[in-house]
Amino acid sequence: MNRNSFYLLAMCFLVFIACNSDDDVTVMDELPAISTAGLNTFGCLIDGQVFVAKKEEFCTDCDYETELNLTYEKTSDGYRFALATSNKVDGEISMQLEVYSDEDFLNEGKYSLSETTLESNDTPLSNAKCVIDKKIKGVALDSEFYTNKSIGGVLEIIRIDQESKFISGTFYFSALDDNGQFVNVSDGRFDVTYNNY
């Protein structure tokens with residue numbers, strides 16, 4: 001093999017390696033760190049796949065949409081914590097976590113993510129809901145998953161700052177759809193400013 005053939009072969013090999021390595025690079029979202037500073041972060045694992053709150057990069061209606069919204073308010077039944085989040089990139093996932101307290105306010109501590117029946121409403125309300133229309137670990141899902149009195153998890157509020165108006169915490173839960181299919185949500189964390197009405 002002469003010198004020119006060797007250089008040509010080496011160049012082809014380097015171009016092939018560079019092209020393949022670029023094609024294989026996938027930017028994977030990472031879970032945000034657990035924090036207690038009102039940083040407006042949210043993340044968890046859904047069946048082991050990272051889920052973070054995110055808007056589409058090129059969205060014409062994004063001003064009217066939020067990917068992360070926390071309401072903390074007094075209702076006729078006590079206090080209500082409602083955290084809603086979504087990610088509409090390459091499919092759609094939305095999640096809602098709700099906690100109710102018949103006390104004068106919510107405290108830092110652990111709350112059940114199963115099911116609640118309010119005095120003003122005899123209908124059981126799921127404390128955690130996850131709507132998925134996306135591939136999770138390579139499996140296409142298109143369903144709504146809910147917790148109930150038999151299956152759920154725990155939300156722990158680790159800081160409530162009423163002066164700066166943010167709540168921080170962690171969570172996990174399992175949920176079920178109408179066909180008996182489960183999803184497991186783990187390693188959840190949030191650090192979100194809230195609205196109160």
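The structure presented is a predicted model; accordingly, all values stated were derived computationally and were not measured. Only heavy atoms go into these numbers, but all of them, side chains included; no hydrogens, no water, no symmetry mates.
- Follow the hydrophobic side-chain contacts under 4.5 Å out from Val131 and you never reach Leu176; the two are in separate clusters.
- Shortest non-hydrogen contact noted between Leu97 and Phe42 is CD1-CE1, 4.4 Å.
- When side chains are defined from C-beta on, Leu45 counts as touching Val50, because their heavy atoms get closer than 4.5 Å.
- No side-chain N or O of Asn195 forms a donor-acceptor pair with one of Thr71 less than 3.5 Å apart.
- Side-chain contact between Ser150 and Asn148: present, with at least one pair of heavy atoms (C-beta onward) separated by less than 4.5 Å.
- With rounding to the nearest 0.5 Å, the separation of OG1 in Thr36 from CG in Asp191 is 6.5 Å.
- Ile158 places a side-chain heavy atom less than 4.5 Å from the side chain of Ile34.
- Annotation: side chain of Thr193 is not in contact with side chain of Lys165 (no heavy-atom distance under 4.5 Å).
- Connection of Phe171 to Ile160 is established within a shared hydrophobic cluster, with ILVMFWY side chains joined at heavy-atom distances below 4.5 Å, either directly or through further cluster members.
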- Message: For a side-chain contact (heavy atoms from CB on, under 4.5 Å) check, start with the C-alpha distance between Leu68 and Leu83, then their side-chain angles and the critical distance, and finish with the verdict.
- Response: CA-CA 7 Å; Leu68 191 55; Leu83 177 58; 3.9 Å; yes
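- The two residues Asp177 and Ser143 have their closest heavy-atom pair at OD2-OG, 2.8 Å.
- Between Leu39 and Ser35, the shortest heavy-atom contact is CD1-OG, 3.5 Å.
- Within the 4.5 Å cutoff, no side-chain heavy atoms of Thr85 are placed close to those of Phe190.
- Between Arg80 and Glu73, at least one side-chain N (NZ, or NE/NH1/NH2) sits under 4.0 Å from a carboxylate O, which counts as a salt bridge.
- Smallest separation of non-hydrogen atoms from Gly91 and Lys134: CA-CG, 4.2 Å.
- The aromatic ring centres of Phe173 and Phe145 sit 6.0 Å or more apart.
- Leu31 approaches Phe51 most closely through the heavy-atom pair CD2-O, 4.2 Å.
- In this structure, the side chains of Ile151 and Phe182 come closer than 4.5 Å at one or more pairs of heavy atoms.
- For the atom pair CD1 of Ile167 and CD of Gln162, the computed distance is 8.0 Å after rounding to the nearest 0.5 Å.
- Connection of Ile136 to Met95 is established within a shared hydrophobic cluster, with ILVMFWY side chains joined at heavy-atom distances below 4.5 Å, either directly or through further cluster members.
- Here the closest non-hydrogen pair linking Ile93 and Cys130 is CG2-SG, 4.3 Å.
- Residues Val183 and Ile132 have side chains in contact (heavy-atom distance under 4.5 Å, counting atoms from C-beta outward).
- Ring geometry for Tyr194 versus Tyr72: interplanar angle over 60°, hence perpendicular rather than tilted (30 to 60°).
- To the nearest 0.5 Å, atom CD of residue Gln49 and atom NZ of residue Lys137 are 6.5 Å apart.
- Taking CG of Leu70 as the reference point, atom CG of Asn40 lies at 9.0 Å (rounded to 0.5 Å).
- No side-chain heavy atom of Tyr79 sits under 4.5 Å from any side-chain heavy atom of Val99.
- Linking ILVMFWY residues whenever their side-chain heavy atoms come closer than 4.5 Å, directly or via other members, leaves Tyr146 and Tyr100 in distinct clusters.
- Residue pairs meeting the side chain to side chain donor-acceptor pair (under 3.5 Å) criterion with at least one member in residues 123-132, sequence neighbours excluded: Thr116-Asn127, Asn121-Thr123, Ser126-Thr147.
- Checked for salt-bridge contact, Asp161 and Arg159 meet the test: a charged N lies under 4.0 Å from a carboxylate O.
- Atom CD of residue Glu156 and atom OG1 of residue Thr170 lie 5.0 Å apart, to the nearest 0.5 angstrom.
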